[in-house]
There are 2 protein chains.
Amino acid sequence: MSQPYDINAFDNPLFTVDNVLFTIKEKRLMILMVKRANDPYKGRWGLPGGFVDTQLDDSIEMTALRKLKEKTNISVPYLEQLEVFSGLNRDPRGFSVTAVFYALTSHQSVSSYLETIADVQWIDIQELNSLPVAFDHKLIIKTARDRLEQKALYSMVPVYCLPELFTIGQLKSVIEIIIGKTIQRKSLIRRIEASNMFETIDQKIKSGGRLAQVYQLKENVEIAHFERNFSN
Amino acid sequence: MSQPYDINAFDNPLFTVDNVLFTIKEKRLMILMVKRANDPYKGRWGLPGGFVDTQLDDSIEMTALRKLKEKTNISVPYLEQLEVFSGLNRDPRGFSVTAVFYALTSHQSVSSYLETIADVQWIDIQELNSLPVAFDHKLIIKTARDRLEQKALYSMVPVYCLPELFTIGQLKSVIEIIIGKTIQRKSLIRRIEASNMFETIDQKIKSGGRLAQVYQLKENVEIAHFERNFSN
DNA sequence: CCAATAGTGTCTCTAAGACAGTATGAC
DNA sequence: GTCATACTGTCTTAGAGACACTATTGG
């Protein structure tokens, strides 16, 4: 079987990188969104992203980190590929491809910087439905949200929504917000011990009741994964 | 902070799609490889893939399916994005990006077609180390293999390595080859029942002992996922 | 004292692992 | 009969869920 199509059809599609940066703020799952300054979709909210710069970027992971740093002034502590979204209709300029990453950070590490910029904001994921969002970014966010939710059921990734020092209660809360159901504190403690990822520091902080033990990640730890999901 | 870099740096990277098509054949995990007819890496084995054709492809999933059909003459029953590999050094022609898919099929569905083509072959994954492989395709294959292994621990995806009609013993064998350890037949049966994905047909086939019940997938089923991994 | 959150002890529950026992085919 | 594989029954095990209990803070 021969291939009768024109060699000129092989023009490279438009290639971009986008990021879904999550955090938990005020007990809500939030996403970093950028008000678009240019067409297409000028004035709408979109995901922070852009083009690869082959002079600066060794890989698209670098592109993702660089774009996030431009908007937040930090290097995010957790970044992972989500998937590629592509198609003829997702961008009015023609067939386009975007490699999407999802990332986590504590809101504290970027809040002071964000206050200086009006067109970059944390937006509550539940409020996104009623906002004008560019491209297929609502679909992308839904996909990222689902992936994060799954991951939170069997891994310790949600810690990266917290600052370096945190308590078990805070970690429990963050996990519960991500997965949308409560978990047993005891189950979390068992995982914390089994994971061997954390160490206590000689400090306790206020929590509305008894003082809470402060934890931090050990250095250069691998994120623990478990053989079972949290269930209910 | 302004961005002082040259606008011309934003030339689109070279974008391709590649596939890691797995099957189980002769009790071995195999991958479909293509002997490259052109430079770069002419004469080496590479993954089946190529450029997006924006006239033919609605999305890169279509590109992946189209490329696989060119080599196998079938539409693979399972296809999923793996991840994107990118970088300056992975292709001698410059910064390149490839969106990689992994896929499964029964070897029976393509064997007769493959016999007519010398430069497309199933290659045992264990023999790949001693073969000349193009680009970073060894790394890609390793990544795909790891992902398939993980997936086989908590989902029914391995069925797609089998023909439409199959026995529990065959499914058990396929899973064991993928995950590299034995599982309890009983555990698999429990999952088959819980998944509700399969139905028996009024047929039994030889197996070296007692005749085995023949199963098939129900129509339009979702692939079942489980809350626990097979362990050991 | 009470309210609230931190942390422990321990029983239950669920699904996988182990494995013995039976069933049925080929020879 | 033996051997091999199919299939079932049922006990054990590991880790999550439930939940009562104690501990420590602020008011």
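We name chains A, B, ... by the order of the sequence lines, and we start the count at 1 in each one. Just so you know, these numbers come straight off a predicted model, no measurement behind them.
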Legend entry - side chain to side chain contact (heavy atoms under 4.5 Å, CB included) evaluation trace for A:Val159 with A:Leu104: CA-CA 9 Å; A:Val159 262; A:Leu104 303 177; over 6 Å; no
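- For the atom pair CD1 of A:Ile141 and CD1 of A:Ile31, the computed distance is 4.5 Å after rounding to the nearest 0.5 Å.
- Remark: A:Glu80 engages A:Lys151 in a salt bridge, criterion side-chain N to carboxylate O under 4.0 Å.
- Taking OG of A:Ser207 as the reference point, atom CD1 of A:Ile168 lies at 11.5 Å (rounded to 0.5 Å).
- The ring pair (Phe, Tyr, Trp, His ring centres under 6.0 Å) analysis of residues 160-189 of chain A, with sequence neighbours excluded, yields the pairs A:Tyr78-A:Tyr160, A:Phe166-A:Phe198.
- Atom CG of B:Leu47 and atom CG of B:Leu68 lie 10.0 Å apart (nearest 0.5 Å).
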Legend entry - nucleotides 21-27 of chain D: protein proximity per nucleotide (B base, S sugar-phosphate only, - neither; heavy atom, under 4.0 Å): --BBB--
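- Here the shortest heavy-atom pairing between B:Met197 and B:Ala224 reads SD-N, 3.3 Å.
- Sorted by first and then second residue, the pairs that involve residues 155-177 of chain B and meet salt bridge (Lys or Arg N to Asp or Glu O under 4.0 Å), not counting sequence neighbours, are B:Lys172-B:Glu176.
- For the pair A:Glu176 CD and D:dG17 C1', the computed distance is 13 Å after rounding to whole Å.
- Atom CD of A:Glu193 and atom C1' of C:dT8 are 10 Å apart (whole Å).
- B:Ile189 has its CD1 atom 12 Å from the C1' atom of D:dG9, to the nearest Å.
- Within residues 159-170 of chain A, no residue is approached by DNA chain D to less than 4.0 Å at the level of any non-hydrogen atom.
- Both the sub-6.0 Å distance and the 45° axial angle are satisfied by A:Arg191 relative to the ring of A:Phe230.
- One interatomic measurement links the two molecules: CD of B:Gln213 to C1' of C:dG25, which rounds to 15 Å at whole-angstrom precision.
- Scored by the side-chain contact (heavy atoms from CB on, under 4.5 Å) test, B:Lys35 finds B:Trp45, B:Asp119 as partners (sequence neighbours excluded).
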Inset, instruction - Could you encode protein contacts along nucleotides 13-21 of chain C as a string, one character per nucleotide from 5' to 3', using B for base contact, S for sugar-phosphate-only contact and - for no contact, with a heavy-atom cut-off of under 4.0 Å? - result: -BBBBBB--
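- With rounding to whole Å, B:Ile205 atom CD1 is found 15 Å from D:dA4 atom C1'.
- Note on A:Arg190 versus A:Glu193: no salt bridge recorded, every NZ/NE/NH1/NH2 to OD/OE distance being 4.0 Å or above.
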